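Here is the structure we will look at, set down as C-alpha cells.
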Amino acid sequence: MKTLFRILIVLSFLAIIFYYSSNSNSDYEPLEGPNSTSQIIPKTISDLQVLQDALPRPEEGLSTLIGKKSKILLEKYGEPSRYDPSPYGYDWWIYNTNPEQFVMFGVNKNLITQVYTSGQNIDVSPYKIGQSLSDIYRMTIVNSEIVANIGDSIYTFTLSEEDMNTRILTKFDDIFAQLYIDSERGVLSGVRFTDSKSLVMHRPYEMSFVGELLSPPNPTSFLIEESNQAGANQLFDLLNVFRVQNNIPTIEPDAQVSVLAMQHSEDMYSQNYLSHDSPTKGSLKDRLDEANILYDETEENIATAYFDSIEAAHGWLNSSSHREYMLDDEFTHVGSGVFINYYTQIFLQKPIEEEAE
C-alpha cells in the first residue's frame with residue numbers, strides 16, 4: 001500500500017511539472033492575427049448609429065499630411081530610402097536612415113493617404129511615442145465602435161477587449177489613428193494615421209457596413225512578388241526600431257537567411273499550414289543545415305492573418321516569447337520573409353570567427 005501511495009505521489013508530481021512546462025511554451029505557438037477571425041457583416045441603416053463624437057483633427061504633426069500631395073514629402077524629408085509597393089494600390093515611401101525618426105507614408109495617386117511611425121523623435125500630435133496607455137485613455141475619446149463614412153456607405157469597426165489595450169482606434173474628424181500599444185511596457189510604440197478608404201480596405205477589426213463593400217484591387221503576380229519583398233524589408237526595419245526603443249543594439253540583415261525565411265513563408269502558404277516544422281523541409285535547424293548556414297544559436301518567429309508587416313511586427317512584440325527573440329541582444333543577424341500574409345523572421349547568433357571575416 002505504501003508503495004502504491006508513493007507511486008501516486010510521483011505521478012501527481014510529474015503531472016504538475018508537465019502542466020506548467022506545457023503551458024510555459026504555449027506563448028510560442030505560431031501567431032495568428034486578428035484578421036483570421038474578424039468578420040464582415042452587412043447591415044441595414046436602421047441597425048447603425050451614424051452620428052459619433054470625434055476629436056478635432058490635429059493642427060500639427062504627421063497627421064496633418066494626410067490628404068496632401070506627395071510632393072510635400074520631398075520638400076520636407078527629401079528622397080525616401082525606398083518606394084515599397086503594396087497589394088492595396090498604394091506605395092509606401094520609406095524613411096529609415098535613423099530608427100528614432102523612422103516613418104512610412106502611404107501614397108496613392110500622388111496623395112498621402114496614411115502614415116505610420118514608431119520613431120521616438122517624430123511628432124505624432126496629439127500623442128507621443130512612449131506615452132503611457134493610461135495617459136492616452138485620459139486625453140482621448142476611446143470607443144469600442146468607430147464609424148467611418150465614404151460617400152453614402154457607412155462602415156462600423158468593432159474593437160475587441162484585446163484591441164482596446166493593444167490596437168486602439170480613434171477618430172479625428174475625417175481621419176483615424178491606430179494606436180499600437182506595447183503591452184509589456186504599457187506605452188505607445190507606434191501610430192498609424194489613415195483616411196477612411198485605407199482603413200476600410202485594410203479591415204483591421206471586425207467590420208459591419210451599409211452600402212458598398214469597398215475592396216482592394218486584385219494585384220498582379222508581379223505586384224505580389226514586389227510587395228512580398230517590400231513586406232520583408234519592413235519587418236527588418238521595424239525590428240531595429242523596436243530594438244532601439246528598448247535600448248537593444250540593432251541587428252544585421254542576412255541575405256541568405258532572408259531567402260530561407262521567404263521560402264518558409266511561401267511553403268506555409270502553398271501547403272496551408274502554420275508551423276516551424278515544414279512537412280517537406282523539416283525544422284528550422286534542418287533548413288539552416290541544408291543551406292550550409294553556420295550559427296551558434298537560432299530561433300524563429302512566424303505569423304499569419306495580419307494584413308501587413310506593421311501589424312505582424314506589433315503582434316510579435318506583444319507576444320512574450322516572440323518578443324524575447326526580437327529583443328535578444330545575443331542575436332547578431334536576422335532574415336525576414338513574407339509571402340502574401342505569412343510572415344517569418346529567423347534570428348541567428350553567428351560564430352565569432354565568421355563575423356570577423
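Keep in mind the model is a prediction, meaning the values are calculated, not measured.
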Intermediate values then yes/no, side-chain hydrogen bond (donor to acceptor under 3.5 Å, both in side chains), Tyr205 and Gln178: CA-CA 11 Å; Tyr205 312 93; Gln178 281 186 271; 3.1 Å; yes

Least distance between heavy atoms, Met262 atom then Val338 atom: CG-O, 4.1 Å

Any donor-acceptor pair under 3.5 Å from Asn228 side chain to Ile340 backbone: yes

Backbone N/O of Met326 and side chain of Arg243: donor-acceptor pair under 3.5 Å: yes

Geometric class of the Tyr325/Phe331 ring pair [parallel <30°, tilted 30-60°, perpendicular >60°]: perpendicular

Phe347-His333 aromatic ring centre distance below 6.0 Å: no

Evaluation steps, side-chain hydrogen bond (donor to acceptor under 3.5 Å, both in side chains), between Tyr343 and Asn301: CA-CA 8 Å; Tyr343 305 85; Asn301 283 345; over 6 Å; no

Flag side-chain contact, heavy atom, 4.5 Å: Asp267 against Pro279: yes

Test log, rule salt bridge (Lys or Arg N to Asp or Glu O under 4.0 Å), inputs Lys281 and Glu290: CA-CA 9 Å; Lys281 299 178 182 178; Glu290 177 67 23; over 6 Å; no

Atom pair CD/CD of Glu145 and Glu206 - distance to nearest 0.5 Å: 9.0 Å

Within 6.0 angstrom of Tyr269 OH, more than 12 heavy atoms from elsewhere: no

Exercise: do Asn318 and Glu184 side chains pair donor with acceptor under 3.5 Å: no

Flag, side chain of Asn96 to backbone of Ser81, donor-acceptor distance under 3.5 Å: no

Under 3.5 Å donor-acceptor, Gln245 side chain and Ser189 backbone: yes

Salt bridge (Lys or Arg N to Asp or Glu O under 4.0 Å) between Asp174 and Arg57, worked out: CA-CA 8 Å; Asp174 59 340; Arg57 186 164 173 171; 3.3 Å; yes

Asn218 atom CG, over 12 foreign heavy atoms within 6.0 Å: no

Aromatic plane relationship, Trp92 with Tyr90 - under 30° parallel, 30 to 60° tilted, over 60° perpendicular: perpendicular

Parallel, tilted or perpendicular, as decided by the 30° and 60° cut-offs, for the rings of Tyr77 and Phe105: tilted

Glu59 CD: over 12 foreign heavy atoms closer than 6.0 Å: no

side-chain hydrogen bond (donor to acceptor under 3.5 Å, both in side chains) evaluation trace for Arg192 with Ser118: CA-CA 9 Å; Arg192 186 197 309 243; Ser118 41; over 6 Å; no

Separation of Gln271 CD from Thr280 OG1 (nearest 0.5 Å): 4.5 Å

Under 3.5 Å side-chain donor-acceptor pair for Glu32 and Tyr306: no

CG-OG distance between Leu65 and Ser70, expressed to the nearest 0.5 angstrom: 11.0 Å

Spatial distance of atom CD (Gln256) from atom CD1 (Ile346) [nearest 0.5 Å]: 10.5 Å

N/O donor-acceptor pair under 3.5 Å between Asn246 side chain and Ile248 backbone: no

Donor-acceptor under 3.5 Å (Thr140 side chain, Ile136 main chain): no

Plane angle bin for Phe242 and His314 - parallel if under 30°, tilted between 30 and 60°, otherwise perpendicular: perpendicular

Leu288 versus Leu260, closest heavy-atom pair with distance: CD2-CD1, 3.6 Å

Worked check of side-chain hydrogen bond (donor to acceptor under 3.5 Å, both in side chains) between Thr113 and Asp195: CA-CA 6 Å; Thr113 60; Asp195 64 7; 4.8 Å; no

Atom pair NE2 (His276) and NZ (Lys285), whose distance is rounded to the nearest 0.5 Å: 13.0 Å

